[in-house]
4 protein chains.
Amino acid sequence: MTVEDRRRVKRLPRDVRERQILDAAVTVFSERGYHDASMDEISDVAGVSKPMIYAYLGSKEDLFAACIHREATRLLEAVAAGVRTELRPDMQLWHGLAAFFEYVGTHRESWQVIHRQSISQGGPYSEELLTMRRQAISLVDALLVRVATSEGLDDNATESLAAALVGAAESLADWWLDNPDVPSRVVASRLMNLVWMGFGGLVEGASWHPS
Amino acid sequence: MTVEDRRRVKRLPRDVRERQILDAAVTVFSERGYHDASMDEISDVAGVSKPMIYAYLGSKEDLFAACIHREATRLLEAVAAGVRTELRPDMQLWHGLAAFFEYVGTHRESWQVIHRQSISQGGPYSEELLTMRRQAISLVDALLVRVATSEGLDDNATESLAAALVGAAESLADWWLDNPDVPSRVVASRLMNLVWMGFGGLVEGASWHPS
Amino acid sequence: MTVEDRRRVKRLPRDVRERQILDAAVTVFSERGYHDASMDEISDVAGVSKPMIYAYLGSKEDLFAACIHREATRLLEAVAAGVRTELRPDMQLWHGLAAFFEYVGTHRESWQVIHRQSISQGGPYSEELLTMRRQAISLVDALLVRVATSEGLDDNATESLAAALVGAAESLADWWLDNPDVPSRVVASRLMNLVWMGFGGLVEGASWHPS
Amino acid sequence: MTVEDRRRVKRLPRDVRERQILDAAVTVFSERGYHDASMDEISDVAGVSKPMIYAYLGSKEDLFAACIHREATRLLEAVAAGVRTELRPDMQLWHGLAAFFEYVGTHRESWQVIHRQSISQGGPYSEELLTMRRQAISLVDALLVRVATSEGLDDNATESLAAALVGAAESLADWWLDNPDVPSRVVASRLMNLVWMGFGGLVEGASWHPS
DNA sequence: CATGAATGAGCGTTCATTCAT
DNA sequence: GATGAATGAACGCTCATTCAT
């Protein structure tokens, strides 16, 4: 169904329209970033007039927050689905990473709307962004805590390592966008090896493989 | 303003004015982010009229690029100064990380203007940002390549690991801003242990210390 | 809303709906004024959908006119009921004033929707406002004419005095809203004394009391 | 100097531009009322771009307040100049009223921008309006207090009479706008007679004349 | 060298009003 | 009879940028 078709169709129920609008907003925000995206373009892409957006999703900031929320939730759920606590610790981490890169590879727009934005904490519009990022770190932190229990790593330490790990994954995902020929599994595997074996280990020829 | 008054105004040489302006711009950009910073505020903080800024530094985007360039160069130089190739590989990495966190801790404004910005690659204003980030990755990559030579890690692999490492450091720096009680050395040491020993090693009780 | 639900909804007769809507509109207009009142809020308060308002009462301007008409008519009727021509001239005026302040005191909403609006004659929406105000002046004028017949006050003069008197009453009503402790009768009595005895008379100790 | 000429003239000093803008704003506000006046039209009439208005006078509300302040101050000063305390009480009042109608007759725009607006106290934009009106009432109150000292009229009573008198004058001014053939002095004289002799006195043939 | 004055262009937001069901 | 869905049109406001002095 093309945009023109959609424009001619009238009186859709609210939730359908909301989904249309959110889809359009994700597309535009991911292409242009928050500031350079205009409500006009979003309404055009959605095939809906601007007042509908305000009626259903509120202000630009609200709309952005809704996008972030939906997309980040999907990503987090994908990752959480990979991390099954009945697995061996290293396998939990591995499946989490694999799920992350799998998701990023198959949902570029989703990833971009989440990640390619300012994280200046001053700006009010990034509240949702920070919240979701904190959730991501919490998820990883919980994983690390389970793994590292009673190993002398205090809460503070595991949280910082979780933050580092999340940052590493984000940054590697970005690198991947510029080097798309590498398969998802390979990228995940590289990060897995780095964080599990350490560079020291790698240098000495050690490596980790899913067993 | 009368002619007499004007005579009393300091006619500063160009490079001094440029420094004034850049300093002000760094302050404002770091506080507000690129989009929310206004040329008016920058000119106010600099104590200079707006046309001066345009005459000396060009457009807002140019000005931002100049800020990023100056501050990122300083950071990179600080890190590069830590990484001395005559050292043992692990010590090179260690001193690089230590220098990084030391710099971030003592130059918050500088760090914020570099990092707390959108990295949406669509936007033209972030050209310099991406360039400097690529330089950072190159720097780390070179280090890793020296370390890992002939270990089966190809160029592509080390570059991706370098990207991951840079991202981990950035993210950890952010975490640190929210947890400022942890000393710089401790933060650096945590990341060093993660990337050198791997989580697997840490779990088994291994750890790395500067020797 | 399913078909069953719809059947359960009350299908009220037209005049009941109109009264509902007018009541709501009076409330909202009196609170917010014409411009700041939104059709959305009115329809909310009325518990009726917007298209109903348009179907029954026409445009926003029409709706406002209907409000003004209804409320001003009630006020005028209250005052006219006080002015009984079989009374002595001064008693007519007195009872008219007393009725006015009595009405204002007991129908604040009504008074506010009538009075706290722009009277800019350019605006088309105030046609009814001006009409009703002219009626008020006519009412008073008729009273003055009866009182002052053959006293050298020509038509033009009594009409202007009627306008002055109406303005005095309006303004005093406003003052009263900010000083609600004064009883209705006292306020009316003050105005009665002013316009009957004159300030010159009051200064000399004269005063008027209902006898 | 026509608008076109003005538009071609460049780089006027700030205070000149501010006066131009205020003049234009008074014209437009008086014609259309606050809400129906658009900043676009004001900037057109002023021969200035909109950003200048915001730079010099602030928001629409600020601009309106500035208009009200300037015009109401002029009116109050004109009236206050008429009321000279060395005169006999009745003559003070008379000259005040005469000055009021004289001003209204010769400055219609000024009067309309002051008076033909909503006085809904809810709206934030009318703060200045209420303030100036309170000043007017205070001015009259002071006069009445001087006149009526020790006559059994308490503060509360004189203030209410002052409010009534101000309202009567406003309303009569409005009536006058629709009946412009009556000379200013005659209008003033009618109100003077009403409030000084009272209607009771007038009916009995008494009348007040400046002696 | 330096600046106050000035604006084109665009954005987020709102609201009275109407259509399709 | 009644309503949720939908929009055209306009408005207040801001900002990077450039003249004229």
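Letters A, B, ... mirror the listed sequences (proteins, then strands); counts begin at 1.
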Subject >> All stems with DNA chain F, defined as three or more consecutive Watson-Crick or G-U pairs under 3.5 Å >> reply: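 Ordered by first number, the stems with DNA chain F (at least 3 consecutive pairs each) read E:2-21 with F:2-21.
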_Whichever of C:Ala37 and B:Val48 has its nearest DNA chain E nucleotide further upstream toward 5'_ =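 Upstream on the strand: B:Val48.
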What is the distance, rounded to the nearest whole Å, between atom [atom1] of [X] and atom [atom2] of [N]?
X: A:His35; N: E:dC11; atom1: NE2; atom2: C1'; result: 12 Å
X: A:Lys60; N: E:dT14; atom1: NZ; atom2: P; result: 15 Å
X: D:Ile21; N: E:dA5; atom1: CD1; atom2: P; result: 11 Å

Quick one, which residues of residues 50-58 of chain A touch DNA chain E with a heavy atom under 4.0 Å?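 Nucleic-acid contacts, sorted: A:Lys50, A:Pro51, A:Tyr54.
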How is A:Arg14 classified with respect to the nucleic acid when contacts are heavy atoms under 4.0 Å: base, sugar-phosphate, or nothing?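 A:Arg14: backbone/sugar contact only, no base atoms under 4.0 Å.
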Point-to-point distance, once rounded to the nearest 0.5 Å, from CG of A:Leu57 to CZ of A:Arg17
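One gets 13.0 Å once the value is rounded to the nearest 0.5 Å.
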Q: Please round to the nearest 0.5 Å and tell me the distance separating atom CD of D:Glu71 and atom CZ of D:Phe29.
A: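 Answer rounded to 0.5 Å: 12.0 Å.
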message: Whether the side chain of A:Asp44 engages the backbone of A:Glu41 through a donor-acceptor N/O pair (distance < 3.5 Å, no angle test) should be reported.
response: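 No, the answer is negative, given that no donor and acceptor are paired below the 3.5 Å cut-off.
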* Short question: side chain of A:Lys60, backbone of A:Tyr34 - any donor-acceptor pair under 3.5 Å? ->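 Pair found, side chain donor or acceptor close to backbone of A:Tyr34.
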- Please determine, by modelled atom types, if B:Gln112 and B:Ser30 share a side-chain donor-acceptor pair under 3.5 angstrom.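 Short answer, no.
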Check: Hey, which of these two, C:Pro13 or A:Ser49, hits DNA chain F nearer its 5' end, going by closest nucleotide?
Finding: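 The residue closer to the strand's 5' end, by nearest nucleotide, is C:Pro13.
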From the options E:dA6, E:dT17, F:dG4, select the nucleotide whose nearest atom is closest to the side chain of A:Arg11.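 Out of E:dA6, E:dT17, F:dG4, the nucleotide with an atom closest to A:Arg11's side chain is F:dG4.
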Check: Checking side-chain contact (heavy atoms from CB on, under 4.5 Å) for the pair A:Arg70/A:Asp23: CA distance, chi angles, key distance, verdict?
Finding: CA-CA 10 Å; A:Arg70 190 180 74 171; A:Asp23 291 343; 2.7 Å; yes
**Residues from residues 38-46 of chain B lying under 4.0 Å of DNA chain F - heavy atoms** =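 When residues 38-46 of chain B is checked for heavy atoms under 4.0 Å from DNA chain F, the hits, listed by number, are B:Ser38, B:Met39.
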